[in-house]
Asker: 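Mind looking over this structure? Questions follow.
Excluded from the calculations below are hydrogen atoms, water molecules and symmetry mates; all remaining heavy atoms, backbone and side chain alike, are included. This chain uses plain numbering: 1 for the first residue, then up along the sequence.
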Amino acid sequence: MVYKARTTRAEEWPLLKELRLQALADPVASVAFHDRYETVAAYPDSTWQQRAAAGEGHGNGATFVGETPEGRWGGMVVVLLKADRYAHIVGVYVRPEHRGTGLATQLFEAAAEWAWARPGIRGLRLCVHKDNSRAEAFYRRQGFRTVGMTDPDPQGSGFLAYEMELARPQ
């Protein structure tokens, strides 16, 4: 399948909300995300409007979606610039019917290209749950390497993850 990897637009907040809620309802979400469906589902529309607008990539972050020729979103990746001079990848999700199509790679390439265009960014970082071996294997194929363990979830859920990093190309 052919996808167009692009940033969200402010007016697309309902699509962003629907995709994020589907991600949180996915059975693997318990080992992929800190957020819980019930909490995020209660967010007001204004939160989604702000997130979609921020995802356009004009500030310190961007939300990339993989759009099919029919306009359906197959997945997403969020990249955020942090004070540590790394771009942090969060909110990675690909709908089950789009897994194994190359969409995740395309989204990561778009996020990396966006990050490398920002001055002073030393690399990409992300966290992967210690029990999410499929995601970890994908990240390794993208060139990420394990650099340490993260702190457990501040909400006390026992969430424990590996921090992984991709150095900026020379």
Asker: Has R141 got its NZ or CZ under 6.0 Å from the middle of the six-membered ring of F108, at an angle within 45 degrees of the ring axis?
Answerer: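 No.
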Asker: Going from OH on Y162 to CG on D131, what distance comes out if it is rounded to the nearest 0.5 angstrom?
Answerer: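 These two atoms lie 8.0 Å from each other.
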Asker: Begin with the C-alpha distance, continue with both residues' side-chain angles, and end with the deciding distance and a verdict on side chain to side chain contact (heavy atoms under 4.5 Å, CB included) for Y43 and Q50.
Answerer: CA-CA 11 Å; Y43 289 171; Q50 291 168 347; over 6 Å; no
Asker: May I have all residue pairs that pass ring pair (Phe, Tyr, Trp, His ring centres under 6.0 Å) and include part of residues 73-100, sequence neighbours excluded?
Answerer: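 As it turns out, the ring pair (Phe, Tyr, Trp, His ring centres under 6.0 Å) pairs with a partner in residues 73-100, which skip direct neighbours, are Y3-H98.
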Asker: Residues in salt bridge (Lys or Arg N to Asp or Glu O under 4.0 Å) with R99, at least two apart?
Answerer: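 Testing R99 for salt bridge (Lys or Arg N to Asp or Glu O under 4.0 Å), a comparison that skips the adjacent residues, returns D26.
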Asker: Nearest 0.5 Å please: distance from the CG atom of L15 over to the CZ atom of R9.
Answerer: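 The CZ atom of R9 is 9.5 Å from CG of L15, to the nearest 0.5 Å.
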Asker: To the nearest 0.5 Å, what is the distance between CZ (R51) and OG1 (T63)?
Answerer: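 Between R51 CZ and T63 OG1, I get 8.5 Å after rounding to 0.5 Å.
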Asker: Can you see which heavy atom on F144 is nearest to which on L166, and at what distance?
Answerer: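 Nearest heavy atoms, F144 then L166: CD2-N, 3.5 Å.
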Asker: Hey, could you give me the OH/CG distance between Y139 and L124, rounded to the nearest 0.5 Å?
Answerer: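 So the OH of Y139 and the CG of L124 are separated by 12.0 Å.
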Asker: Would you give the length of the straight line joining atom OG1 of T47 to atom CG of L16, rounded to the nearest 0.5 angstrom?
Answerer: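 The CG atom of L16 is 11.0 Å from OG1 of T47, to the nearest 0.5 Å.
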Asker: If you look only at pairs with a residue in residues 54-75, which of them pass as a salt bridge (charged side-chain N to carboxylate O under 4.0 Å, His left out), with sequence neighbours excluded?
Answerer: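 Counting only pairs at least two positions apart or across chains, the salt bridge (charged side-chain N to carboxylate O under 4.0 Å, His left out) contacts touching residues 54-75 are R6-E67, R72-E97.
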Asker: Using a 6.0 Å cut-off, check whether atom CD of E113 has over 12 heavy atoms from anything other than its own residue.
Answerer: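 Counting neighbours around CD of E113, 12 or fewer heavy atoms of other residues, nucleotides or ligands fall under 6.0 Å, so no.
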Asker: Can you name the closest pair of heavy atoms from L103 and G66 and give their distance?
Answerer: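 So the two residues come closest at CD1-CA, 3.6 Å.
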Asker: Under the rule for salt bridge (Lys or Arg N to Asp or Glu O under 4.0 Å), what residues qualify as partners of R125, not counting sequence neighbours?
Answerer: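 Testing R125 for salt bridge (Lys or Arg N to Asp or Glu O under 4.0 Å), a comparison that skips the adjacent residues, returns D84, E165.
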Asker: Give me the atom names and distance for the closest heavy-atom approach of G57 to A62.
Answerer: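 Answer, listing the atom of G57 first, then A62: CA-CB, 3.7 Å.
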Asker: Hey, could you give me the CE/OG1 distance between M76 and T7, rounded to the nearest 0.5 Å?
Answerer: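 Going from the CE atom of M76 to the OG1 atom of T7 covers 12.0 Å.
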Asker: Considering residues at least two apart in sequence or located in another chain, which fulfil the side chain to side chain contact (heavy atoms under 4.5 Å, CB included) criterion with L81?
Answerer: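 Partners of L81 under the side chain to side chain contact (heavy atoms under 4.5 Å, CB included) test: N60, A87, W114, R118, I121.
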Asker: Please report the closest heavy-atom contact between A32 and N132, naming both atoms and the distance.
Answerer: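 Between these two residues, the closest heavy atoms are CB-ND2, 4.2 Å.
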Asker: Search all heavy atoms of A115 against all heavy atoms of R168 and return the closest pair with its distance.
Answerer: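 Closest pair (atom of A115, atom of R168, distance): O-NH1, 4.3 Å.
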Asker: Before giving the answer on side chain to side chain contact (heavy atoms under 4.5 Å, CB included), spell out for I89 and M164 the whole-Å C-alpha distance, their side-chain angles and the decisive distance to 0.1 Å.
Answerer: CA-CA 10 Å; I89 302 287; M164 301 183 79; over 6 Å; no
Asker: I'd like to check the salt bridge (Lys or Arg N to Asp or Glu O under 4.0 Å) partners of R140; sequence neighbours left out, ordered by chain and number.
Answerer: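 For R140, the residues satisfying salt bridge (Lys or Arg N to Asp or Glu O under 4.0 Å) (neighbours in sequence not counted) are E136.
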